[in-house]
Amino acid sequence: MAPMGIRLSPLGVAVFCLLGLGVLYHLYSGFLAGRFSLFGLGGEPGSGAARPAPAADGGTVDLRELLAVSVLAAARGGEEVRRVRESNALHEKSKGKTREGADEKMTSGDVLSNRKMFYLLKTAFPSVQINTEEHVDAADQEVILWDHNIPEDILREITTPKEVPAESVTVWIDPLDATQEYTEDLRNYVTTMVCVAVNGKPVLGVIHKPFSEYTGYKVLALLDVPDKSQEKADLYIHVTYIKKWDICAGNAILKALGGQMTTLRGEEISYTGSDGVEGGLLASIKMNHQALIRKLPDLEKIGHN
């Protein structure tokens, strides 16, 4: 068994994206190379069917199309993040304090990435609920059209439509994860993320690294070559409040890889309703998750203090 890495951080919001990155790369050297972060959609591969148009007014949504747009949105947001950082025009400011009392920073990279990602997804899927970390200014709308192209990588893996009711879908956007590190020019920690939940369960996750060689469609879920600079972990513990857009994409990817993420009481996390998870969480892979939960009876109490 590989050595177990354990992280315990009460301020781990920015660090959390490393879970999705770490556990994915931890397994990519084995049997899961090239697999999509697509979980629990059911159905058997078959001959390609005609691709339906996105639901414009209720109706259904094809998750293949939503994955294609999510990948594109993460890459488009990443372009803004990279452009702002390289121009050194961050316009950094504080948007308040976290529950732990730390400054919660925001930059032009956050705002511009958010606008690109939100409006690309909203234009393509107007009936889908989209939750994003940053405020969306209705006076600053941008119509960003999608060309209805599903990349061959996706079509090879998901050969038939996977339609779900539009009202059952919630999309979570993190337009710039690790803003603190972004302001310090620690580029390797920065990601843009999109997660799709159906009936509260995460089924699609995209994590994009704007400053690495893996850009565009070479997002985390499609990589064939591991990034050896990434840290690895079998277990992640977070004991305080955390926002769902920080964890949803990592949860979807972890689930696709056979791992598990729950609250510290062992409850599944629902990606509907409130923006955050109270009391912390536990994520693991290749371990007895429920046994770990039983060994952590006091941490959930710490998270509420």
Side-chain angles (χ1 to χ4, degrees), residues 9 11-21 69-82 84-85 90-100 102-122 125 128-138 140-142 144 169-184 186 189-197 200 202 204-210 219-220 238 240-253 261 269-278 281:
S9 172
L11 299 175
V13 174
V15 176
F16 184 78
C17 67
L18 292 176
L19 171 71
L21 297 170
V69 179
S70 297
V71 169
L72 183 59
R76 291 279 182 85
E79 290 170 3
E80 295 298 307
V81 168
R82 188 171 60 249
V84 168
R85 179 65 265 183
L90 272 64
H91 304 297
E92 175 186 338
K93 62 181 180 180
S94 174
K95 59 181 181 181
K97 297 281 188 181
T98 67
R99 293 191 180 189
E100 295 76 34
D103 279 329
E104 194 168 2
K105 294 184 177 180
M106 183 174 67
T107 69
S108 293
D110 296 84
V111 173
L112 296 175
S113 173
N114 186 69
R115 186 173 69 183
K116 290 287 186 186
M117 294 175 71
F118 178 85
Y119 284 115
L120 175 56
L121 283 155
K122 197 63 179 176
F125 300 97
V128 166
Q129 173 67 36
I130 300 175
N131 296 336
T132 180
E133 180 174 8
E134 307 302 341
H135 173 70
V136 178
D137 189 348
D140 194 27
Q141 291 189 27
E142 183 174 357
I144 306 175
V169 176
T170 306
V171 177
W172 297 84
I173 296 174
D174 192 342
L176 197 170
D177 196 60
T179 300
Q180 176 67 46
E181 288 78 3
Y182 182 66
T183 64
E184 298 171 5
L186 299 173
Y189 296 96
V190 175
T191 61
T192 60
M193 298 192 285
V194 182
C195 177
V196 176
L204 301 175
V206 177
I207 302 177
H208 176 65
K209 300 183 68 180
V219 294
L220 201 63
H238 187 93
T240 59
Y241 178 82
I242 192 167
K243 295 293 184 67
K244 290 178 181 177
W245 41 68
D246 287 309
I247 62 174
C248 188
N251 195 345
I253 290 172
M261 182 189 298
I269 298 168
S270 175
Y271 291 92
T272 57
S274 66
D275 289 345
V277 177
E278 299 281 355
L281 60 84

One pair to check against side chain to side chain contact (heavy atoms under 4.5 Å, CB included): V169 and F125. What are the steps and the verdict? CA-CA 10 Å; V169 176; F125 300 97; over 6 Å; no
Which atoms form the tightest heavy-atom contact between A252 and C195, and what is the distance? CB-SG, 4.5 Å
Once you round to the nearest 0.5 Å, how far does CZ of R115 lie from NE2 of H135? 13.0 Å
To the nearest 0.5 Å, what is the distance between OG on S70 and NE2 on H208? 13.0 Å
Measure across A178 and V190 and return the closest heavy-atom pair with its distance rounded to 0.1 Å. O-CG2, 4.0 Å
When you measure from the side chain of T107 to the backbone N and O of G109, does any donor-acceptor pair fall under 3.5 Å? yes
As a quick check of understanding, evaluate side chain to side chain contact (heavy atoms under 4.5 Å, CB included) for I247 and W172, giving each step before the final call. CA-CA 9 Å; I247 62 174; W172 297 84; over 6 Å; no
Could you tell me the separation between the CD1 atom of I207 and the OG1 atom of T192, rounded to the nearest 0.5 Å? 9.5 Å
Between K243 and D275, is there a donor-acceptor pair closer than 3.5 Å when you use the side chain of the first and the backbone of the second? no
Of the non-hydrogen atoms in G276 and Y241, which two are nearest, and what is the gap between them? CA-OH, 3.4 Å
Apply the test side chain to side chain contact (heavy atoms under 4.5 Å, CB included) to residues M117 and T132: give CA-CA distance (whole Å), side-chain angles for both, the deciding distance (0.1 Å), then the verdict. CA-CA 9 Å; M117 294 175 71; T132 180; over 6 Å; no
Would E134 and V111 count as a side chain to side chain contact (heavy atoms under 4.5 Å, CB included) if you check the C-alpha gap in whole Å, the side-chain angles of each, and the deciding distance to 0.1 Å? CA-CA 7 Å; E134 307 302 341; V111 173; 5.7 Å; no
Can D110 and Y182 be counted as having a side-chain donor-acceptor contact under 3.5 angstrom? no
I need the minimum non-hydrogen distance between G78 and S113, along with the two atoms involved. N-OG, 4.5 Å
CG of N114 to CD1 of I173, rounded to nearest 0.5 Å, is 6.5 Å
Gap between atom CE of M193 and atom CD of E133 - 0.5 Å precision: 8.5 Å
Which distance, rounded to the nearest 0.5 Å, do you find between the OG1 of T179 and the CD of E104? 8.5 Å
If you look at every heavy atom in P210 and T191, which pair is closest and at what distance? CD-CA, 4.0 Å
Between the side chain of K244 and the main-chain N/O of S270, is any donor-acceptor distance below 3.5 Å? yes
Partner of L121 under side chain to side chain contact (heavy atoms under 4.5 Å, CB included), chosen from L72, I130, I144, V128: I130
